[in-house]
Amino acid sequence: MSARVLVAEDDEKQARLIRIYLEREGNAVQIVHDGRSAIDRARTTRPDLIVLDVMMPQVDGLDVCRILRTESQVPILLLTARSTEEDMLLGLDLGADDYMTKPYSPRELTARVKALLRRSRAAGGEPTVIRAGALEIDTARFEVRLAGEVIALTGKEFAILALLAGEPGRAFTRAQIIDRVFGFEQNVLERTVDAHVMNLRRKLERGSGAPRMLETVYGRGYRLADPDRGGSGGRGDGGGRGPVSGGGLDSDPGPAR
């Protein structure tokens with residue numbers, strides 16, 4: 001099935017190369033060469049996926065990502081010459097679903113675009129609402145509500161939350177989360193999962209008196225508090241109870257493998 005892909009890349013040679021490879025897969029590709037045009041085109045054409053270069057004139061790719069993520073759940077693949085873990089986590093924190101460092105293989109970029117599109121369509125293809133207490137996850141509409149309020153999430157955040165909410169109280173290791181959410185993608189760091197969970201906590205557990213929803217289980221990973229067991233009294237991965245921390249990244253669940 002073809003998709004509408006917006007490519008925002010100021011290097012015209014790179015943009016043409018990306019277009020050639022994506023159009024070979026039957027996609028309809030639009031190209032813009034600056035951040036302001038990327039925002040305007042995304043708003044008017046509503047693409048199925050955006051390939052977004054970080055270093056662009058007028059508005060850089062990180063700001064474009066941040067702005068568009070407040071308006072849409074469109075999958076975003078970042079292209080960057082920055083290869084440090086901090087740069088990668090910043091992009092994910094701003095709402096990117098995946099990233100690639102330059103120089104990259106056009107064939108790998110095409111494969112990642114296909115994977116993001118598959119996950120996006122799968123998340124929106126089942127008319128299922130997952131409920132856990134005041135939390136509702138509508139996979140058909142790609143929408144999350146907490147006590148009736150819509151919460152804007154990135155594609156990866158949505159997938160992680162849906163995974164945890166499908167079995168409240170079960171502790172998933174970071175390796176299990178990577179396997180189920182990121183699939184065949186290479187070089188996914190376990191700290192990447194921590195960053196997504198931290199962002200989910202910030203969005204779902206606002207305010208000092210907010211109940212803890214995403215729990216850290218020492219030596220295991222993360223779980224969604226089971227509302228039927230009073231929150232942190234949910235079962236672990238093997239059915240038993242494990243020590244729980246309510247902390248964020250400072251409460252490291254330890255190696256998942």
Side-chain angles (χ1 to χ4, degrees), residues 3-19 22 27 29-104 109 112-113 115-117 119-120 142-144 150-161 182 185 187-189 191-204 206 248-249:
R4 294 167 295 139
V5 179
L6 174 62
V7 175
E9 168 63 79
D10 64 329
D11 186 319
E12 295 187 9
K13 182 178 178 180
Q14 288 293 317
R16 286 196 300 269
L17 183 62
I18 294 171
R19 164 175 263 166
L22 292 181
N27 300 298
V29 180
Q30 299 183 74
I31 293 177
V32 294
H33 299 296
D34 64 80
R36 172 54 58 190
S37 297
I39 295 171
D40 293 341
R41 191 69 61 86
R43 286 171 172 170
T44 56
T45 65
R46 302 186 65 82
D48 298 309
L49 182 140
I50 299 174
V51 178
L52 180 61
D53 184 31
V54 170
M55 301 297 291
M56 287 194 300
Q58 298 190 24
V59 183
D60 72 30
L62 293 178
D63 283 334
V64 172
C65 182
R66 176 181 55 79
I67 292 168
L68 293 180
R69 185 52 73 223
T70 65
E71 304 173 359
S72 169
Q73 300 301 322
V74 60
I76 297 175
L77 171 60
L78 279 182
L79 304 179
T80 176
R82 304 167 182 170
S83 58
T84 67
E85 180 179 346
E86 289 74 17
D87 290 324
M88 179 272 294
L89 293 176
L90 175 60
L92 294 174
D93 184 48
L94 291 174
D97 296 279
D98 197 2
Y99 78 102
M100 295 186 69
T101 57
K102 297 181 179 181
Y104 54 82
L109 182 145
R112 296 219 186 179
V113 166
L116 286 173
L117 288 169
R119 283 199 294 272
S120 176
F142 202 79
E143 188 172 81
V144 172
V150 175
I151 307 297
L153 301 181
T154 69
K156 288 292 195 304
E157 291 166 1
F158 184 92
I160 291 173
L161 184 60
F182 295 84
E185 294 177 28
N187 303 320
V188 178
L189 303 173
R191 298 298 288 183
T192 301
V193 176
D194 297 339
H196 284 303
V197 171
M198 180 179 67
N199 292 336
L200 281 168
R201 283 174 170 158
R202 188 179 69 244
K203 295 176 180 181
L204 298 174
R206 290 171 294 180
L249 288 176

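- Rounding to the nearest 0.5 Å gives a distance of 9.0 Å between CE of Met198 and CZ of Arg191.
- Inter-residue side-chain proximity for Leu78 and Leu62 is flagged as met; some heavy-atom pair is nearer than 4.5 Å.
- For the atom pair Asp11 CG and Leu17 CG, the distance stands at 9.5 Å (nearest 0.5 Å).
- By the salt bridge (charged side-chain N to carboxylate O under 4.0 Å, His left out) test, Arg19 pairs with Glu23, sequence neighbours left out.
- In this structure Asp34 satisfies the salt bridge (charged side-chain N to carboxylate O under 4.0 Å, His left out) test with no other residue, sequence neighbours excluded.
- For Lys102, the side-chain hydrogen bond (donor to acceptor under 3.5 Å, both in side chains) partners are Glu9, Asp53, not counting sequence neighbours.
- In this structure, Arg36 has no side-chain hydrogen bond (donor to acceptor under 3.5 Å, both in side chains) partners at least two apart in sequence or on a different chain.
- Looking at Ile50 and Arg41, their side chains never come closer than 4.5 Å, going by heavy atoms from C-beta outward.
- Heavy-atom minimum distance, Val74 versus Pro47: CG2-O, 3.4 Å.
- Residues Ala96 and Cys65 share a closest heavy-atom pair of N-SG, 3.5 Å.
- Looking at heavy atoms from C-beta onward, Val7 lies in side-chain contact with Leu22 at the 4.5 angstrom threshold.
- Counting all heavy atoms, side chain and backbone alike, Asp10 lies closest to Met56 at N-CG, 4.2 Å.
- Using a 4.5 Å heavy-atom threshold, the side chains of Leu79 and Leu109 count as touching.
- Every residue two or more places apart in sequence or in another chain was checked for a side-chain hydrogen bond (donor to acceptor under 3.5 Å, both in side chains) with Arg16, and none qualifies.
- The salt bridge (charged side-chain N to carboxylate O under 4.0 Å, His left out) search around Arg46 returns none, not counting sequence neighbours.
- With hydrogens and angles ignored, the 3.5 Å screen pairs a side-chain donor or acceptor of Arg112 with a backbone N or O of Tyr99.
- No side-chain heavy atom of Leu49 sits less than 4.5 Å from a side-chain heavy atom of Asn27.
- Residues passing the salt bridge (charged side-chain N to carboxylate O under 4.0 Å, His left out) test with Arg66 are Asp63, sequence neighbours excluded.
- Other residues, nucleotides and ligands contribute at most 12 non-hydrogen atoms within 6.0 Å of the CE atom of Met55.
- Summarising the geometry, atom CG belonging to Leu92 is positioned 4.5 Å from atom NE2 belonging to His196; distances are rounded to the nearest 0.5 Å.
- Here the straight-line distance linking atom OG1 of Thr154 with atom CG of Asp98 works out to 11.5 Å at 0.5 Å rounding.
- When side chains are defined from C-beta on, Arg4 does not count as touching Leu6, because their heavy atoms never get closer than 4.5 Å.
- No donor-acceptor distance shorter than 3.5 angstrom exists from the side chain of Asp48 to the backbone of Val5, with no hydrogens or angles considered.
- Taking CG from Leu200 and CD1 from Ile151, the interatomic distance works out to 10.5 Å, rounded to the nearest 0.5 Å.
- In this structure the side chain of Phe158 never reaches within 4.5 angstrom of the side chain of Arg119, judged on heavy atoms.
- Atom CD of Glu157 is separated from atom CZ of Arg201 by 13.0 Å, given to the nearest 0.5 angstrom.
- Listed by chain and number, the residues in a side-chain contact (heavy atoms from CB on, under 4.5 Å) with Ala159 are Val181 (sequence neighbours excluded).
- A donor-acceptor pair is defined here as one N or O able to donate and one able to accept, closer than 3.5 Å; no such pair exists between the side chain of Arg202 and the backbone of Val197.
- For the pairing with Val64, the side chain to side chain contact (heavy atoms under 4.5 Å, CB included) check across Val54, Leu94, Ile39 returns one residue only, Ile39.
- A salt bridge does not link Lys156 with Asp97: every distance from a Lys NZ or Arg NE/NH1/NH2 to an Asp or Glu carboxylate oxygen is 4.0 Å or more.
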